[in-house]
Every structure is written in C-alpha cells, then in structure tokens.
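Everything below concerns the one structure shown next.
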Amino acid sequence: MKFGHFDDAAREYVITNPRTPYPWINYLGNDDFFGLISHTAGGYAFCKDARFRRLTRYRYNNVPWDDGGRYFYIQDGDCVWSPGWKPVRTELDEYRCRHGMSYTIIRGVKNGIEAEALFFVPLGTWAEVHQLTLTNRSQVARAVRVFSLVEWCLWNAHDDLNNLQRNLSIGEVEIDGSAIYHKTEYRERRNHYAFYAVNAPLAGFDTDRDAFLGPYNGFDSPAAVMEGTPRNSEAHGWSPIASHCVALHLQPGEAKTLVFLLGYVENADDQKWDRPGVIHKANARALIERFATPASVAAAFQELRSFWDGLLSRYVLDSGDARLDRMVNVWNQYQCMVTFNLSRSASYFETGIGRGVGFRDSNQDVIGFVHQVPARARQRILELAATQLPDGSAYHQYQPLTKRGNSDIGGDFNDDPLWLIFSTAAYIKETGDFSILDEQVPFDNDERAARPHFEHLKRAFSHTVDNLGPHGLPLIGRADWNDCLNLNCFSTDPNESFQTTSNRAGRTAESVMIAGQFVLYGREFVELCRRSGREQEALEAQRHVDAMVASVLEHGWDGEWFLRAYDFFGNKVGSKENEEGRIFIESQGFCAMAGIGLGEGKVEQALDSVNRWLDSDVGLVLHQPAFTRYRLEYGEISSYPPGYKENAGVFCHNNPWIMIGETVLGRGDRAFEYYRKIAPAYLEDRSDVHRLEPYVYAQMVAGRDAARPGEAKNSWLTGTAAWNYYAITQFILGIRPGYDALEVNPCIPRTWNGFTVTRIFRGVTYHIEVRNPRHVSKGIRRVSLDGDPMSGNTIPMLDPGSEHRVMVELG
Ligand code: BGC
Ligand code: NOJ
C-alpha cells in the first residue's frame, strides 16, 4: 500500500493521504539553522545545536504522536481546519504534502478555500520562511481568520523537559507590531532570542499557551481559534507561544499571501538592549524586512532550488529504472547531505538531546557527501581530527556547539580512529587536494599539540598496531562498529548504559571486523604515505597490513566464514561452535572488501555463507541465530528481542559492505539484489508494512526473527545513507574517483543492457555510457574517450571546465 508517489521531475515525494503509518518527515536548512517538519507540519526548529539552541518545543513519545509544530488554523465560520490536516483533523476536501529538497509544501482545501504553505530556510539565513497562500476557489466572497502557532522551547531542550520548577517561572516575550519575540533568559546569560513575525497587520495575537488553548484543550481545539477570538495574552512564565491572528477577506478567485518568519538572532554583549528590558531588534527587523514580500521569498526559494540543482548535477544516472534513478540522483544524495549535517542528533527517533557528532559516524558520512561540497567535508574531517587524542584514539563524540570531545561519553571504541583514514582518502580522491595532509591540527583540541593532519592518520593507524590481542588481531575495546557487541562490559545493572558504563580491563577481546578494516584502510594509509613521498613509512605500514592479513587467515577464519571476534575469555564469537550468533555480517563484509583470502576462495565462501544464512526477503540480517537470552559476556546485542536492532535485525548500514564484497567477486546480480532489497524507493508499495518514509533509508528493518519482519525504525540519520550511495555509485555502477583519475569498473546484473552517468569530477564533466551487449556483470572489453580508443579503464584528468564522452563496453 502507498500513501503518495514520487514526482521525479520536481524531486519531491508527494504524500496524498495524511494517515501515513508514522509521521513522514523532511528537513529544512543546510547550514546552522535546521527544521524537522512532518507531512502534517509537526516538528521543530533549532540553530546550530538541537539540544542547546532549540527554538520550538517538541514532545517526543507523545500521544497522539507528532503533536506540536508550525501550525495554521483557518477559522471559516463554524468550520475550523488546518491545511496539513493536523492538528485539527477536520476532514479535508483535498490534501497534499510535497517534501522536496530542503523544503516542504503542504496544501489543503476545504469548502472552496485553498491554503498552501511553503516551508524552507533561505540559504545562509537563521530563519524559516512559512509562506501561506489562501485562495478563494468558491463563487462568493469569503471572510476567514488565520491563526498561526508555534510553542517556544526554553532553549535547552533537555532542561525544557525536566527542570519545571525553574522553567515555569522564566518565560518572557515581547510583542512588537506583528512580531512576537521570545527572550527567555536573555536578561541574564543568553545573548540570543527568537521571533515569529508576519507581514500583515494583526487582528490579535497570543503568547501564553494556556490562554490560547484553554487549560483543558489540546492543539486540536484551541479555545481562541474555536471562538474566533485571540486573547491578546502576554506570557509571564508558564509556556510562551507565538500565535498571530490575521483576518482575510477574499473575493471569488482571489488569493492572498502571508509571509511568516521564524528567526533566531544573536546580539553582541554590548548591544543586547534598546532600553532597559527591551531587546535590541535591529537584526530581527532586517531579516523581517528581507522577507517581507512574496517576491523576495520567491527569489530566496529559487536560490535554494538552484543550489540543489548544482549539488545534484555531479552524479546523474540514467538507468532506465525510475526507482534506481530516483535513489541515486535525488533521495540517497539528499539523505547523505542531511546525515552529514546532523550526524545522529535530531530526527523522529533521535531526540536531539542525546548524541553529539559521532566520530565514526561523521567520518563515514563524509563518504556519501564529499562530492557535493568538498570544502565542507574537508572542514569536518579536520574538526574530527582535532578531537583525536595524542595516542591516536578518539573521543566517540563531540559537541557541535563547542566542537570538543565529549568526555562523558569517552572513547575506546577501537574502530573509531581508522575511519579517519577512510574519510581523508575519500576526500583526496574526490578533490586531488593532498594539502589536507599538511594542515596543522590539534590533538584533543589543544592548539599547542597541533601536528600535520598526516600525523593524525599515522597515529590512527598505529593505534591498531599498538593494541593487538593474543591472536595478533585488534583489541575491540569498548566495542567496534557494532556498539552493542560489548565484550568487556558485563553489565548487570539496568540503570547503567551499556555504552558508557565502566568496562573490565582486559586485553583479550579481539575484533575480526577491525582487522578487516585495518587491512582495507591500512592499505589506503600506505598509499597516502607513498603519494606524499614517505616511502619508509609506507614500507613499514605495509608490513603491519601483511601481518594482519596473516593473523586473520590463521585465527580469524572459521572454516566457512570469518569469525566475528574473540571474547573476554578468549572464546570465539561468530563461529559454528557457538550456539547462537554463529555467523556475523560485519567481519564478512570487511574481510571481503579487503579481499582477505580472495585467492584461496575465502571471500567467495564467506559471501556464500552470508547468502545462505543471513539473507531474507527484507535484506541481510546482522547475524544468525539471533540471541534468545541475555548473555552477560556479549552485552547490549543480546538485550534486544530477536530480530530487532543489532540482535539480528536488518541493519541497513552493513548490507552495502556485502554488496561491495560481491563486486570484488564480480557477482553483479547478487550485489544488485541486495541493493534493491533495502533501497526505500523499491519498498514504496509496501509502505504499510515498512511504515517509514519510502524516500530515505532507515537504520534498521526488523529481521526474519521479529514478529513483523520488514517493519523499519530509525529513518534518516544513519550511516546507511553514505554506504549505500558509495556501494551503488562506486562499485555497482562502478564510477569511482581515484587519486589521479576517474576509474570506471561497473559490476551490474547481467540482464542490464547498460546505463549512462554524467559525472562532474574535479571540474570536468564526463558523459559516461556503459554498454553491456554480451550481458556480463563485470569486465571491460573496450573504452573510448571522445571516440578514440583507450587502453585501461582509468580516464585521465582533463582540463577543468571541459566536457567529454566516455564509452565503456563490458565483455
Ligand atoms: C543502539 C546502537 C547505537 C548505540 C549508541 C544502542 O542502543 O542499539 O545502534 O549505536 O546505542 O547510541
Ligand atoms: C548506530 C551508531 O550511530 C553507529 O555508530 C553504530 O556503528 C551502529 N549503530 C551499530 O551499532
């Protein structure tokens, strides 16, 4: 069952039934100012940090779900309705929500009045535009009242929910014409405020929630709206809101547009006040002025659209399969940008108060994003490196506001440092910019300890070498990529977090996944040494990589697949000897991508075992058999019911590791089958089962051991976005940036006749046509550049600004 459809030309998902199985959301904003907006206009806004600078309040885990957002109420005599159906839920004559690239348009029609609201954050602006157009589609003149509503969050989203004994006394607002200012705590330690304004005179307003709603009403039936009478309330403490009331008269066929602006302003300490108690509003007024007319909104909106046209022009696929094209050309890239921007902080599953920016998460996000805005990727890589500790290890997370490592969360996730090599290599391959290696970067944010970025990579590499266990395999530490395989944790107290509680000291538990990762990214490190003239370091690093390959072959192979780990007691994890958790996906993925044992058929055997044991209709599950009881020596992984999350769910993040592994073997049919099974556009028809947005990946889809296999959770902010993009574009379609050239080496289903890709790489536009007349998966028969035959499949760098035709025939 579907709840809408893709509009590919507009790059929108169009929701036509508001009763989706879960709120289907979109993101507004690309820099500092962000909004989450659901298809019924629920959600919230924040500037820079979802925890510390939350503008509007949102209640997670609320009943009904997704109550609270940017609401409009239209009071038309006795009929009160909302263009987004919620919160009033008056049945609409027509409803439609278009989620596009950083904007959302919600349109409702009731009794001949059409209301269309456009929501977006203009580029480089700390504000959301909410442009509402009302059109009288009836034959008679109409008079309606429009009420707006946002509820202010008292800035710190965590305290806002908790510290009520203080919070209910601190709320402060100012009303200035058609602008409502939120200035809680501005009188003392804050230098920022928010405002919600409209470009029309008011028939009234409200700033006190209880006055507006009436003490026993919900958002669905505010007393002020139901009676058509704003209270002109001024909030003093309790819960400040901003609600405008605008009276509109519409002749038949007439349309009127209101521009609302929800903005955020920071003032310098000596410019906080106009006069005692009255905030200095010049910056806000300038913003309000800038977006005072529909024409200025249209211009800003056009700018946003052109921005996305540019971003999405760098890899354009024409495969003949609309679902694949829309994933590759639009939605997967869009999700990559969102995950890059927000890491794992704010979604409808992440509350914005839990996690900062993850070290491993963000390094991986770079892979899917680097071709879009390489300069931002560079900056992120250096920010991450600046939180690295002098011994090469990493804080697991840093705070976006301070950009400092978070010591509450700590470190010792021993996969973390290696991802820095991966992201740096990807950045250099995309840009050719080796200068990043020479950038001076602090350790632990201490400028005095700044060293060239190369040194950070070297210490990341050495961190693994310095932390090997009894089998010569990397110690796992607190956990590796799988945060829930907690082999040193031994937690018996439900009140402690598996993620942060103190672990037993031990140097036994080893990870075969990190071993594969070390081989893969260790080779990148060797290459970077070579290319930056460090031959000696390259040779030495290569020796460590070779030794790791040997250790994996000797101690990491279980007969038919790669082991997952050795536990605290030195017992095998992910072995046929185990009762549960006999085979895990992560070590198969990483050892296959690294080609460990490729010549001896081990990669093939391992991936065949994956296919045999882990495959299902809804994707590859993380391991099998699922854990049916809590195992103290394994930790959080066994705390989940079978089939969910890390306990044998389909963890979409690691499926592409197997896809890429399959391309190492040249098995394009399987690689693509795995791709298709979890790519959201292919699941659209099953939206009732899948439940989440058909345009973005979710972190997890319930596995075959679960009660409802195929049911997704945790959409949007997941490394799944970057990894699937990486797998499909660089390994299946096979157009891959190298250090000094673009390589073309597809691995596709044999049935495909071919495809074309336009790729802008280092300023050169390549129109690449791949033909598959012999119906193979992999292998290059001939290549031509602008009609001239070429040897090999690496396309040399040509003049920036030029355009070229590349023809690749497989066979
Ligand atoms: C989740 C993991 C996540 C970790 C850290 C665990 O509860 O299962 O997926 O990585 O928390 O936030
Ligand atoms: C989600 C976390 O964000 C990521 O860092 C981790 O690797 C996976 N869960 C697997 O546990």
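Counting starts at 1 for both ligands and their atoms, following the listed order.
Nearest non-hydrogen protein atom to atom 3 (O) of ligand 2 is R355 NH1, 2.9 Å.
Residue E646 has at least one heavy-atom neighbour below 4.0 Å for each of these atoms of ligand 2: 9 (N), 10 (C), 11 (O). Heavy-atom proximity to F651, at under 4.0 Å, picks out these atoms of ligand 2: 8 (C), 9 (N), 10 (C). Close approach of ligand 2 to Q699 is summarised as follows: ligand atoms under 4.0 Å from at least one heavy atom of the residue are 1 (C), 9 (N). Ligand-side atoms of ligand 2 in range of N482: 11 (O), range being under 4.0 angstrom from any heavy atom.
Checking F359, W419, W481 against atom 6 (C) of ligand 2, the nearest heavy atom belongs to W481.
Taking 4.0 Å as the cut-off between side-chain N and carboxylate O, K572 and E577 count as a salt-bridged pair. Between K677 and D615 a salt bridge is recorded (basic side-chain N to carboxylate O distance below 4.0 Å). Note on D415 versus R360: salt bridge recorded, some NZ/NE/NH1/NH2 to OD/OE distance being below 4.0 Å.
For the pair R376 and F340, the cation-pi criterion (under 6.0 Å, within 45° of the ring axis) is not fulfilled. With a 6.0 Å cutoff to the six-membered ring centre and a 45° limit on the axis angle, R504 counts as a cation-pi contact of F568.
Between F627 and H623, the ring planes are tilted. Angles from 30° to 60° get that label. Under the 30°/60° scheme for interplanar angles, the aromatic rings of W561 and W613 are found to stand perpendicular. Under the 30°/60° scheme for interplanar angles, the aromatic rings of Y334 and W331 are found to stand perpendicular.
On a distance-only criterion, D361 and ligand 2 share at least one N/O pair closer than 3.5 Å.
For Y58 and Y348, the ring centers are positioned less than 6.0 Å apart.
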Pairs under 3.5 Å, nitrogen or oxygen of ligand 1 with protein nitrogen or oxygen:
unit_1	atom_1	unit_2	atom_2	d
ligand 1	7 (O)	E636	OE2	2.5
ligand 1	7 (O)	Y640	OH	3.0
ligand 1	8 (O)	Y640	OH	2.6
ligand 1	8 (O)	K645	NZ	3.4
ligand 1	8 (O)	E646	OE1	2.9
ligand 1	8 (O)	E646	OE2	3.4
ligand 1	9 (O)	K645	NZ	3.2
ligand 1	9 (O)	E646	OE2	2.6
ligand 1	10 (O)	D483	OD2	2.5
ligand 1	12 (O)	R355	NE	3.4
ligand 1	12 (O)	R355	NH1	3.3

